[in-house]
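Take a look at the structure set out below.
Just so you know, residue 1 is the first one in the sequence shown, and it goes up from there. Each ligand, and each atom within it, is numbered from 1 in the order the structure gives.
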Amino acid sequence: MSRSIRGVHDAPCAGKWGTILGQMPRSMSISAQLQQRAERLLPGGVNSPVRAFRAVGGAPPFVVRAEGQYLWDADGNRYLDYFGSWGPMILGHAFPPVVAAIQQAAARGSSFGASTPTEADLAERIVRACPSIEKLRFVSSGTEATMSAIRVARAFTDRKYIVKFEGCYHGHADGLLVKAGSGVATFGIPGSAGVLEETAHFTLALPFNDVTAVEEAFAQHPGEIACVIVEPVVGNMGCVPAAAGYLHFLRDITARTGALLIFDEVMTGFRVAFGGAQALYGITPDMTALGKIIGGGLPCGAFGGRGEIMDLLTPLGPVYQAGTLSGNPLAMAAGIATLEYLEAHEAEVYARLEVASAAVADGVAQEAKKAGIAVTMNRVGAMFTWFFTPRTIKDFRTAATSDVTIFGRFHRAMLEAGVWLPPSQFEAAFLGTAHTDADIALTIDAARTAYLTIAG
Ligand code: KE4
């Protein structure tokens, strides 16, 4: 069955893989054939588990091209993209200034393993946007950013324990896969196999938005907690904002106890505001982890904070941290082009994202209400989630009351209509500047039809 929007159908891309797929049953879609091949080579056929669609069912389309708000799969179907590579594509796919910047950088060589001018160029842009960051270091993923920030925080405070929150995901470093959210929450795995109990021991995983739990943790571990790491707007249990005053409470208790406050802004950085959640809420964390948007779609993360903290890093100090592709010239070029555009068009971009996100998030939620389907919608700027539950969602426990079976049916129905939502109830959806009012109207129409099919 065609999965196209308005019947728009590009020529399938079988030709490109004709030789490889030749031995596959011709009745299968090209994506299905590619999935079969991929599963022989890659666990689950993927390089990141959520892409396997296990949380929603059905077969994942294989993307061969993207432009603006659209993705095209190997069978030529076009989709409206509401996950945007999990956040980076705030300006849409193949944004011309970013493409040009990558092409020009690639023509000068793709990686040197030596210092380049562009690393400081991008760092200057980030520091200007996030004044809490006096110094930063680039890495190649959000996982590396949070992992490294925690190492520095432990060295700076000479303390062992860290606090994270259930349902928050900070990448897959061992000490953070302790009741993490995102993929782990999606698969209902409390932590992960392979993580040592001894490692998990030093991670206190607390309920989000719960003041008492944090006060009790600090009371039980006086002088022992190195840092609190938090997604200032949680995206990895679905979108869950902090309760009023909660982030200020975390800022106060960490300052009072000598623990560092780490804002994991890998998702929220440059997403919910140009200066991230710390600008949106007016809070100065001690350290910040970044990723996604700062790489403009190429592998890039960063961690930063006060100079006195960051100067503990080698070669200045005793905290070792390194990376072959850290500050990669292509990623720097893509990040610079992205942040340059966002900074030059800040008011216009974030106003548009706010209006468009409100329209689609509220519109789809309204259609659920009309269909008599319980949906709770949370949104902060251009990140939002429709939870299939009547409950108010304020932490992982309430998020977990969502009906993931209904969500799966909704996801599949929307995909059939050419609207590609994040393939998990416990992920945030994202909008970019390429999404038009017509796209939003189409999305709401598709939701209205989808609810008719899942209500039964
Ligand atoms: P990466 O290592 O995937 O670049 O970043 C880890 C990370 C850290 N912090 C936050 C707040 C994050 O959201 C992430 C990664 N986000 C997930 C999606 N929720 C990436 C998608 C995936 O795992 O495939």
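The shortest heavy-atom contact between Q278 and T288 is NE2-OG1, 3.0 Å.
With a heavy-atom cut-off of 4.0 Å, H170 touches ligand 1 through its backbone alone. At a 4.0 Å heavy-atom cut-off, ligand 1 touches E427 through the side chain alone. Using a 4.0 Å cut-off between heavy atoms, V50 contacts ligand 1 through its side chain alone, with no backbone atom that close.
Between the CG atom in L312 and the CZ atom in R151 there is a gap of 12.5 Å [rounded to 0.5 Å].
Remark: ligand 1 and W86 share no N or O pair separated by less than 3.5 Å (distance only, no angle test). At a 3.5 angstrom cut-off on N or O pairs, V266 does not count as close to ligand 1.
Heavy-atom distances between K292 and ligand 1 reach below 4.0 Å in at least one pair.
Ring geometry, H221 versus Y161: the interplanar angle falls from 30° to 60°, so the pair is classed tilted.
Of all the atoms in ligand 1, the ones that sit under 4.0 Å from a non-hydrogen atom of E231 are 11 (C). Residue contact check: S141 has heavy atoms under 4.0 Å from atoms 2 (O), 4 (O) of ligand 1. Each of the atoms 13 (O), 19 (N) of ligand 1 lies under 4.0 Å from some heavy atom of M267. Close contacts of ligand 1 with G171, meaning ligand atoms under 4.0 Å from a residue heavy atom, involve 6 (C), 7 (C), 8 (C). Against a heavy-atom cut-off of under 4.0 Å, S48 is close to the following atoms of ligand 1: 22 (C), 23 (O), 24 (O). Contact atoms of ligand 1 toward N236: 10 (C), 11 (C), 12 (C), 13 (O), 16 (N), 18 (C), 19 (N) (distance under 4.0 Å to a heavy atom of the residue).
Under the 4.5 Å side-chain criterion, counting only non-hydrogen atoms from C-beta, I162 is in contact with R154. Using a 4.5 Å heavy-atom threshold, the side chains of F138 and M332 count as touching.
Crowding of H93 atom NE2: a count of heavy atoms from other residues, nucleotides or ligands under 6.0 Å exceeding 12. Annotation for E197: atom CD does not count as buried by contact number, only 12 or fewer foreign heavy atoms lying within 6.0 Å.
Partner of F83 under the ring pair (Phe, Tyr, Trp, His ring centres under 6.0 Å) criterion, out of W420, F384, F430: W420 alone.
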